[in-house]
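Okay, so here's the structure we're looking at.
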Amino acid sequence: MPKVEITIPEHLEMQIAQMVERGEFVNREEAIEDLLSTGIKAYKTSGPMEDDDEGMGGGLEDDGMMGHDDEYVF
């Protein structure tokens, strides 16, 4: 599996650590992989569709997401 290095805001790191501590995930790697996968699936179903011929695309604000630069709703 490819390795990726990312930098995330402190508040997200704390939330991931809390999920691991509560036993929602075995470790940080599993948590990040699962949360990233869930976010990608959600984005594909509700995210912008710029290449859509029907023109039904929209920004984060149009899809009910918070629209913050570094926060995503999972």
Side-chain angles (χ1 to χ4, degrees):
M1 185 178 316
K3 290 189 176 219
V4 176
E5 184 176 322
I6 62 168
T7 302
I8 60 173
E10 185 73 26
H11 69 279
L12 292 179
E13 172 59 27
M14 288 176 19
Q15 290 176 349
I16 291 169
Q18 289 172 351
M19 286 186 257
V20 172
E21 287 174 16
R22 289 191 304 254
E24 295 178 43
F25 298 99
V26 175
N27 55 40
R28 288 177 64 235
E29 290 78 15
E30 179 189 277
I32 293 168
E33 182 180 341
D34 192 36
L35 294 168
L36 182 59
S37 178
T38 301
I40 289 172
K41 288 175 188 171
Y43 184 83
K44 284 184 176 180
T45 59
S46 66
M49 303 287 208
E50 294 177 9
D51 295 332
D52 190 356
D53 290 336
E54 296 176 22
M56 296 184 67
L60 293 176
E61 296 82 11
D62 295 338
D63 294 325
M65 294 185 155
M66 291 180 168
H68 298 283
D69 290 339
D70 63 351
E71 293 185 17
Y72 298 92
V73 178
F74 292 109

Thr45 side chain to Ala42 backbone, donor-acceptor under 3.5 Å: yes

Kindly list each side-chain donor-acceptor pair under 3.5 angstrom involving residues 15-26, sequence neighbours excluded, with atom names and distances?
from, atom 1, to, atom 2, distance (Å)
Arg22, NE, Glu24, OE2, 2.6
Arg22, NH2, Glu24, OE2, 2.8

Pairs satisfying salt bridge (Lys or Arg N to Asp or Glu O under 4.0 Å), at least one member in residues 27-41, at least two apart: Glu13-Arg28

Rounded distance (nearest 0.5 Å) linking atom OG1 of Thr7 with atom CG of Leu12: 12.0 Å

Transitive ILVMFWY side-chain link Ile8 to Met14, under 4.5 Å: no

